[in-house]
Amino acid sequence: MLDIRLIRSDPGAVKAALDRRGPGTSDGVDDVVAQDAEQRRLVASRDETRSRIKSLSREVGRLRGEGRADEAEAAMAQSRSLGDEEEALAKAAAELADGIRAALLGLPNLPSEEAPDGAGEQDNVVLRTEGYDAAAYGEHQRVPHWEIGAELGILDNERATRISGSMFTMYRGWGARLLRAMVQLSLDRNADAYEEVRPPTLVRTQTMTSTGHLPKFADEAYHVERDDLWAIPTAEVPLTSLHGDEILDGADLPLRYMAYTSCFRREAGSAGKDTRGLLRVHEFDKVELLAVAAGREQAIACQRDVLARGEGLLRDLGLAYRVVDLCTAELGNSAARTWDIEAYAPGVDQWLEVSSVSWFGDYQARRANIRYRAAEGSGRGTEVAHTVNGSAMGWPRTVAAYLETHRQLDGSVAIVEALRPYVAGADRIVSR
RNA sequence: GGAGCGGUGGCCGAGUGGACGAAGGCGGCAGUCUUGAAAACUGCUGACCCUCCGGGGUCCGUGGGUUCGAAUCCCACCCGCUCCGCCA
């Protein structure tokens, strides 16, 4: 949610920044400005009326105490008639406030001025590519992961579909074990700075609203209507709300958390797109890293840290990857700046998005109401925190890139050094 | 799911419908004393919104209601605790 004070004081700059995402993004800002002015006018006269009612009421008590019943009666009558006035003003002000809040919830975040301008995917900027050499891949690596999975008996999407429908996956045997090894590696590598959390995967509407997944993207999430709970699309959702409605001590920031959870996405509108194998599924696993920071500078340092950790894990797995700076048109609704990490999968010859590392400014923290008290003597009171998050590792696609990259001439798949401690030292996956 | 009790400031906790934004304590900050620290004593110490910077207003789980006036009375909901039932 954008700061209404910023919109009020400089609507032109807000509109210009929003429109960098695409034409028409700032529609509604003028409306908000007008409604806000009217709402404040109403609140001012409501407050004035209330103040008069309060002093009259005190007067009633005092007059009664002094036995001046007639005068008390007169004050009561006057106060009563002011009451109707106050009620009407309060109702009008509250309705406007609801409307303003709804409009604000619908506005996306301002892109960082450092995010590259652009109109679509083609305008994303590749910052760097690591470990990629097209000529280095042999024919044995040009096999799509679903074939490798079937050959080795480690992926069983056919039966997953029978159990849950299309775009669900199932790991079996070494597939499940490889996944578990990667999860453990991801958590262990980040335990030095991030507290491990196992949050709930079903959350309230308020929790989904805080990260910006609601109200705009309700169609993307699974909703348990009977209990009004939402299946999280990412651990970012519960982790962001971990400190919701709290005032943190600025000296404790940044706070860093990581969580391994299942993630659920309806992928509405993408049926039939990239659906082969593990490229796009409704339920997947992910280790998410998240930081709550004090201000821009600290937040950006945290974002760099998350990115470095995501890259480090891909290097541990021996995968080629590139880092992409998303252009303004491709930024998620809540993000100010996002770096995607894409792993190269030789079998399908695609760069697969395996991590998305975003800085949200105070947009999410304002929705979640996460504040912090600045250092003593800084002359500042409580401030809205900044949030940052990104995947340490996200699964089906990482497994896809892994299987294709490490497939050997004999059809087995090598287990890299970093994973061996988690698989009792085994060094390859062979057909059973 | 049923019954009972409860939800008050950073924390604990008091609060007969009338000066209650709220006693008291703890914690925190500042000062006195001290070479320094501790102890003792004194003072200060919530968040948020608006402002013509004088001030005004909102907030006692949430939302309604009663009343001239609600932390206090009524209703609904949420959360917690205890017991019963059910259950992995």
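Computed from heavy atoms alone, side chains included, the values below leave out hydrogens, waters and symmetry copies. Lettering follows sequence order; numbering is per chain, from 1.
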### Rounded P spacing from B/rC60 to B/rU8 in Å
12 Å
#### Entry: A/Arg46 vs A/Arg80, nearer the 5' end of RNA chain B by closest nucleotide
A/Arg46
### A/Lys54 NZ to B/rC20 P, straight-line distance once rounded to whole Å
11 Å
### Query
Given the P atoms of B/rU62 and B/rU72, what is the spacing between them in whole Å?
11 Å
#### Entry: Nearest-nucleotide pick for A/Arg40, side chain only, options being B/rG56, B/rU51, B/rG69
B/rU51
### Between B/rG24 and B/rU42 - P atom distance, rounded Å
13 Å
#### Entry: B/rG63 to B/rC81 separation - C1' atoms, rounded to the nearest Å
24 Å
#### Entry: Euclidean distance for P, B/rA14 against B/rG9 (whole angstrom)
13 Å
### Task
Round to the nearest Å and state the distance from A/Lys91 atom NZ to B/rG64 atom C1'.
14 Å
### Query
Which one is paired to B/rA47, where only Watson-Crick or G-U wobble pairs with both distances under 3.5 angstrom count?
B/rU58
### Task
Using whole Å, report how far CG of A/Asp36 lies from P of B/rU51.
9 Å
### Message
Using a strict threshold of under 4.0 Å (side-chain N to carboxylate O), is an ion pair present between A/Glu113 and A/Arg296?
### Response
yes
#### Entry: Salt-bridge contact A/Arg62-A/Glu66 (side-chain N to carboxylate O under 4.0 Å)
yes
### Query
Hey, which of these two, A/Arg8 or A/Arg64, hits RNA chain B nearer its 5' end, going by closest nucleotide?
A/Arg64
### Query
Across all strands, who's sitting opposite B/rC83 as a Watson-Crick or G-U wobble pair, both distances under 3.5 Å?
B/rG2
### Message
Please give the distance between the P atoms of B/rG15 and B/rG27 as a whole number of Å.
### Response
23 Å
## Note on the structure
Atom CD1 of A/Ile247 and atom C1' of B/rC59 are separated, to the nearest Å, by 12 Å
#### Entry: Proximity to the side chain of A/Arg373 - top-ranked nucleotide from B/rC68, B/rG46, B/rA19
B/rG46
### Task
Return the nearest nucleotide to the side chain of A/Arg5; candidates are B/rU58, B/rC50, B/rA19.
B/rC50
### Query
Just checking, any donor-acceptor pair under 3.5 angstrom between side chains of A/Thr387 and A/Gln364?
yes
### Query
Roughly, in whole Å, what's the span from CZ in A/Arg41 to P in B/rC50?
17 Å
### Message
If only side-chain N and O atoms count, and only distance matters, is there a donor-acceptor pair under 3.5 Å linking A/Glu59 with A/Ser55?
### Response
no
### Query
Between A/Ser334 and A/Asn109, is any side-chain donor less than 3.5 angstrom from a side-chain acceptor?
no
#### Entry: Pairwise P distance for B/rC86 and B/rA76, with rounding to whole Å
28 Å
### Query
Base, sugar-phosphate, or nothing for A/Val43, non-hydrogen atoms under 4.0 angstrom?
nothing
### Query
Who does B/rC41 pair with, Watson-Crick or G-U, both distances under 3.5 Å?
B/rG31
### Task
Using the C1' atom on both, measure B/rC74 against B/rU82 and round to a whole Å.
26 Å
### Side-chain H-bond candidate by donor/acceptor type, A/Thr25 with A/Asp19, under 3.5 Å
no
### Query
Should the ring pair A/Phe168 and A/His282 be called parallel, tilted or perpendicular, given that the plane angle runs from 0 to 90° and is split at 30 and 60?
tilted
### Message
Looking only at the side chain of A/Ser51 (C-beta and beyond, no hydrogens), which of the listed nucleotides B/rA47, B/rU58, B/rG56 gets closest?
### Response
B/rG56
### Query
Please, which pairs that meet salt bridge (Lys or Arg N to Asp or Glu O under 4.0 Å) have at least one residue in residues 218-234 of chain A, sequence neighbours excluded?
none
### Message
Distance check, rounded to the nearest 0.5 Å: A/Leu89 atom CG versus A/Lys91 atom NZ?
### Response
12.0 Å
### Query
Is there a Watson-Crick or G-U wobble partner for B/rA71 with both distances under 3.5 Å, and which nucleotide is it?
none
### Query
Out of B/rU58, B/rA19, B/rG69, which has the shortest distance to the side chain of A/Ser57?
B/rG69
### Message
How many whole angstroms separate atom CD of A/Glu86 from atom P of B/rC68?
### Response
14 Å
#### Entry: Chi class for B/rG54: syn within 90° of 0, otherwise anti
syn
### Message
side chain to side chain contact (heavy atoms under 4.5 Å, CB included), that's the test. Do A/Val14 and A/Leu2 meet it? Break it down for me.
### Response
CA-CA 9 Å; A/Val14 169; A/Leu2 299 176; 4.2 Å; yes
## Note on the structure
Out of B/rG21, B/rG69, B/rG56, minimum distance to the side chain of A/Asp47 belongs to B/rG56
### Message
Please report the distance, rounded to the nearest Å, between CD in A/Gln78 and P in B/rC68.
### Response
14 Å
### Task
Report the distance from atom CZ of A/Arg62 to atom P of B/rG69, rounded to the nearest whole Å.
19 Å
### Query
Who is the Watson-Crick or G-U wobble partner of B/rG24, with both distances under 3.5 Å?
B/rC12
Distances for protein N/O vs nucleotides 70-80 of chain B N/O pairs under 3.5 angstrom?
none

### Query
In terms of side-chain heavy atoms of A/Ser79, which of B/rU51, B/rC68, B/rU58 is nearest?
B/rC68
